[in-house]
Amino acid sequence: LQTERAALIENIAIKARQLEAAQIAETEARKEAELANNAKSRFLAQSSHDLRQPLHAMSLVLETLPTEHESVEVGDVVSRVKQSLNMLTQLFDSLLDLTLLDTGHFEVRGVPFSAYDLLTQVRDDFSSTAASNNVLIKVAPTRLWLHSDPVILRRIVQNLLSNAIRHTNQGKVLIGVRKQKERVVLDVLDNGAGIAKEDQARVFGEFTTLGAATGTNNGDGLGLGLAIVQRMATALGLVVSVTSEVGVGSRFRISNIPQDSPSEAPPKSNQKPTRKSYSPTGRIA
């Protein structure tokens, strides 16, 4: 019995040493993987400008191509190249945004700015994409001013509008802000396919595409857009939510935006708003 007991203790000691060695090896491997991942993220973050340059140059070259006296076939090819380049640019921007969030190179700078100016700028960014999808973008007139980071908030609205257009073929999208107590909410409403109730929570997860939730497949890409919206909103201290009904449409809302007062300089909008705010019903007429 003593011999068996001693052998058992020795066996347990051997297993313990093996387990400890395996844990040490696993910890070292995890550290190496984290270092490699951080190095990759830092590289992408620091070289984001240089990486975007070729895409921007390609876009400029395509825009300079002559449109007169070209055949239907050539025009169709150019249109497809532009569409593919736009999709590539959106995917690349999403990856770089995610990299900046992961590496902490995401600086928040709050300043006062006109909500109407920001929304009309985003509308103009997607005017050609919306036209190709037969989607009408409307911006609700407003005189509200916000205090946040306009660059990050613009990226949030761009991602929401891109998703709305993608899933609203031959429909309408409305963007607007309104006061909610002492804060402001920003809504992006569409009358597209809608999202089933059981799928609404998971659409903000990384690599989750809306096509799987809506039954459509309109080039969802990597499924990072809404995940980035969620993380950017959290960085700004905002809350993002969605309400939707299949076959009726969706409303993505950004809540808790701080309100501000106009600066001494007037808004630079070419089109002046006619009313102070709007009251969304959750549906677009």
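- Closest heavy-atom contact between Ile165 and Phe126: CD1-CB, 3.8 Å.
- Linking ILVMFWY side-chain heavy atoms closer than 4.5 Å, directly or via other members, places Met58 and Val81 in a single hydrophobic cluster.
- Tested against Ile254, the residues Val188, Val177, Leu160, Val185 include a single side-chain contact (heavy atoms from CB on, under 4.5 Å) partner, Leu160.
- No more than 12 heavy-atom neighbours from other residues, nucleotides or ligands sit within 6.0 angstrom of CD on Glu20.
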Test side-chain contact (heavy atoms from CB on, under 4.5 Å) on Ile257 and Leu238 and set out the steps.
CA-CA 6 Å; Ile257 307 174; Leu238 311 180; 4.0 Å; yes
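- Rounding to the nearest 0.5 angstrom, the gap separating the CD1 atom in Ile195 from the OG1 atom in Thr243 is 9.5 Å.
- Using modelled atom types, one side-chain atom of Asn191 and one backbone atom of Lys172 make a donor-acceptor pair closer than 3.5 Å.
- A salt bridge links Asp187 with Arg253; the closest basic N to acidic carboxylate O contact falls under 4.0 Å.
- Screening Glu26, Glu34, Glu32, Glu28 for a salt bridge (Lys or Arg N to Asp or Glu O under 4.0 Å) with Arg30, the sole residue that qualifies is Glu26.
- No side-chain heavy atom of Thr234 sits under 4.5 Å from any side-chain heavy atom of Arg231.
- Between Ile156 and Val240 the shortest side-chain heavy-atom distance does not fall below 4.5 Å.
- Between atom CD of residue Gln2 and atom CD of residue Glu4 there is a gap of 11.0 Å, rounded to the nearest 0.5 Å.
- A distance of 6.5 Å separates CG of Asn159 from CE of Met232, quoted to the nearest 0.5 Å.
- Counting only distance, with no hydrogens or angles, the side chain of Asp190 and the backbone of Gly192 share a donor-acceptor pair below 3.5 Å.
- The closest side-chain heavy-atom distance from Lys15 to Leu19 is not below 4.5 Å.
- The backbone N or O of Gln158 sits nowhere less than 3.5 Å from a side-chain atom of Ser162 that would complete a donor-acceptor pair.
- The two residues Pro150 and Ser148 have their closest heavy-atom pair at CD-O, 3.2 Å.
- Cluster membership check: Val242 shares its hydrophobic cluster with Leu186, using side-chain heavy-atom separations under 4.5 Å among Ile, Leu, Val, Met, Phe, Trp and Tyr.
- Residues Ser244 and Arg251 are not in side-chain contact: their nearest non-hydrogen atoms beyond the backbone lie 4.5 Å or more apart.
- Val108 and Val229 fall within a single hydrophobic cluster, where Ile, Leu, Val, Met, Phe, Trp and Tyr are joined by side-chain heavy atoms under 4.5 Å apart, directly or via other members.
- One finds the CG atom of Leu146 at 8.0 Å from the CG atom of Leu119 (value rounded to the nearest 0.5 Å).
- Considering only heavy atoms from C-beta on, Thr142 stays 4.5 Å or farther from Arg178 through its side chain.
- Between Ile175 atom CD1 and Ile137 atom CD1 the span is 6.0 Å, to the nearest 0.5 Å.
- From Ser114, atom OG reaches atom CG of Asp260 across 11.5 Å, with rounding to the nearest 0.5 Å.
- Put simply, the side chain of Asn163 does not reach to within 4.5 Å of the side chain of Phe252, judged on heavy atoms.
- Contact record, Arg166 with Asn133: CA-ND2, 4.3 Å, taken as the closest heavy-atom pair.
- When the shell of 6.0 Å around CZ of Arg5 is examined, it contains 12 or fewer heavy atoms from other residues, nucleotides or ligands.
- The environment of Glu182 atom CD is sparse: at most 12 non-hydrogen atoms of other residues, nucleotides or ligands sit within 6.0 angstrom.
- Counting only distance, with no hydrogens or angles, the side chain of Asn256 and the backbone of Gly237 share a donor-acceptor pair below 3.5 Å.
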Stepwise side-chain contact (heavy atoms from CB on, under 4.5 Å) test for Gln230 and Leu226
CA-CA 6 Å; Gln230 181 77 273; Leu226 293 179; over 6 Å; no
